[in-house]
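A short worksheet on the structure shown next.
In the text below, chain A, chain B and the rest are named by the order of the sequence lines, each starting its count at 1.
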There are 2 protein chains.
Amino acid sequence: MQKEHNLSKNQKIIFDLIDKSGEPMKAYSILFNVQKKGIKAPLQVYRALDKLVEIGKIHKIESRNVFIACQNSSCQISKATAFSICESCENVSEISNSKLSKYLSNFSDESGMKYSKYNLEFFGMCKKCKSK
Amino acid sequence: MQKEHNLSKNQKIIFDLIDKSGEPMKAYSILFNVQKKGIKAPLQVYRALDKLVEIGKIHKIESRNVFIACQNSSCQISKATAFSICESCENVSEISNSKLSKYLSNFSDESGMKYSKYNLEFFGMCKKCKSK
DNA sequence: CTTGTAAATGTTATATTATTACATAACGTT
DNA sequence: AACGTTATGTAATAATATAACATTTACAAG
C-alpha cells in the first residue's frame with residue numbers, strides 16, 4: 001500500500017486544473033489559469049509542480065516543458081515514465097506497458113551502472129494527424 | 001553511405017568547443033566561451049546548436065538543457081538516443097546498445113502508433129559517485 | 001496544549017533558456 | 001550572372017525557472 005498524499009491548497013488547485021484539462025499544460029499557462037484562485041507568482045506554481053512531480057501525480061514532458069496528470073492510476077510515485085508525443089498536434093499520452101517498463105527497469109549497460117529512474121519520450125504522428 | 005556535412009563557420013566553432021570539452025555544456029556557457037571568436041548573440045549559438053542537433057553531431061539532454069557531442073561515430077543523423085545521467089555529478093554518457101535501440105525502434109504500443117524517434121534518459125549514480 | 005520542526009505559502013526580484021523580427025551576406029547550382 | 005537556399009548579424013523580447021527572505025500552517029512529541 002502506498003502512502004496517500006494529502007495535497008496542500010495550492011497543490012490541489014494546480015493538480016485539479018491539470019487533471020481536468022486532460023492535456024499537457026505549460027507552467028505559465030497554469031499560472032494564468034489559477035490567478036483567479038489567488039495564486040499570483042510563478043514560484044507558487046513551480047513549487048506545487050515540483051511536489052506533484054515528486055509524488056507522481058503529474059509528470060513533466062522534458063522535451064516540451066509541459067506537465068500532464070498521471071494517466072496510470074497505479075503509479076503513485078513514478079520515476080519510470082514513458083510517453084508518446086505527436087510531433088504534429090503535440091498530443092501526449094502516457095505509455096503503460098509492463099514489458100517495456102520491465103525491460104527498461106532491468107536494463108544495465110556495459111559499465112554495470114544500474115538505473116533507478118528513467119524517462120522515455122517517443123515521437124511520431126498520431127492516428128488523427130496521419131489520416132489528414 | 002551518409003551525407004558528409006560541411007559545417008559552416010559558426011557551426012564548426014561551436015561543435016569544436018563542445019566536442020573538445022568532453023562534457024555537457026549549456027547554451028550560455030557556450031556563448032561565453034565563443035565570444036572571443038566573434039560570436040556575440042544567443043541566437044547565433046542556438047542556430048548552430050539546432051543545426052548540429054539536426055544532423056546528429058550533438059545531442060540535447062532534455063532534462064538538463066545541455067548539449068554533448070555525439071559519442072557514437074556511426075550515428076550521423078540520430079533521432080534515437082539514449083543517455084545515462086549521474087544525478088550526483090551530472091556526468092552524461094551516451095548509451096550505444098544495439099539490443100536497446102532495436103527494442104525501442106520496434107516498439108509499438110496498443111494504439112498501433114509507430115515511432116520514428118525517441119529519446120531515453122536514464123538516471124542513477126555513476127561508479128565514482130557511488131564509491132564516495 | 002505548547003513547543004519544536006517540517007512543509008507550505010507569500011512576495012519581490014532576478015537568473016536562465018530560447019525565440020521573433022528584420023536586414024544582409026555567403027554558398028552552391030544551373 | 002542569376003537564383004534559391006542556407007547562414008550570419010543585431011536588437012529586442014518572450015518563455016521558463018530559481019534565489020532569497022519573511023511568514024504561516026500542519027502536525028507530532030513531550
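With hydrogens and angles disregarded, no donor-acceptor distance shorter than 3.5 Å links the side chain of A:Glu54 to the backbone of A:Lys51.
At whole-Å resolution of the value, CG in B:Asp50 and P in C:dT20 are 11 Å apart. For B:Met25 and C:dT16, the CE to C1' distance is 16 Å, given to the nearest whole Å. Residue A:Glu54 contributes atom CD, which lies 9 Å from atom P of C:dA7 at whole-angstrom precision. Between the NZ atom of A:Lys51 and the C1' atom of C:dT9 there is a distance of 14 Å, rounded to whole Å. Atom P of nucleotide C:dT19 and atom CG of B:Leu49 are separated by 10 Å, given to the nearest angstrom. One atom, CG of A:Leu7, and another, P of C:dA7, lie 15 Å apart when rounded to the nearest Å.
Considering every non-hydrogen atom in both A:Ala27 and A:Leu49, the closest pair reads CB-CD1, 4.0 Å. Taking both residues in full, the closest heavy atoms of B:Ile68 and B:Pro24 are given as CG2-CA, 3.3 Å, listed atom of the first, atom of the second, then distance. Shown here for A:Ser88 and A:Met125, the closest heavy-atom pair between the two residues is CB-SD, 3.6 Å.
Running 5' to 3' along DNA chain D, contacts with non-hydrogen atoms of chain A at under 4.0 Å begin and end at D:dT16 to D:dA20.
Nearest to the side-chain atoms of A:Arg47 among the listed nucleotides C:dA18, C:dG10, C:dA8 stands C:dG10.
Qualifying side-chain hydrogen bond (donor to acceptor under 3.5 Å, both in side chains) partners for B:Ser93, counting only residues two or more places apart in sequence or in other chains: none.
Separation of the B:His59 and B:Phe67 ring centroids does not fall under the 6.0 Å cut-off.
Remark on DNA chain D: of its neighbouring residues A:Arg64 and B:Gln11, the 5'-side contact belongs to B:Gln11, judged by nearest-heavy-atom nucleotide. Closest-nucleotide positions on DNA chain C for B:Lys60 and A:Tyr28 were compared, and the one nearer the 5' end corresponds to A:Tyr28.
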Distance-only donor-acceptor pairs under 3.5 Å for side chains of residues 38-47 of chain A, two or more places apart:
residue : atom : partner : partner atom : Å
A:Gln44 : OE1  : A:Lys40 : N            : 2.8
A:Gln44 : OE1  : A:Ala41 : N            : 2.9

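Among the atoms of the strands shown, none is found under 4.0 Å from any heavy atom of B:Lys12.
Sorted by first and then second residue, the side-chain hydrogen bond (donor to acceptor under 3.5 Å, both in side chains) pairs with a member in residues 117-130 of chain A read A:Ser63-A:Glu121, A:Thr81-A:Asn119, A:Lys117-B:Glu87, A:Asn119-A:Glu121; sequence neighbours excluded. The side-chain hydrogen bond (donor to acceptor under 3.5 Å, both in side chains) pairs that include a residue from residues 12-34 of chain A are A:Lys12-A:Asp16, where partners are two or more places apart or lie in different chains.
The phosphate of C:dA25 (OP1 or OP2) has no side-chain N or O of B:Lys9 nearer than 4.0 angstrom.
Of the residues in residues 37-46 of chain B, those placing a heavy atom less than 4.0 Å from an atom of DNA chain C are B:Leu43, B:Tyr46, in numerical order.
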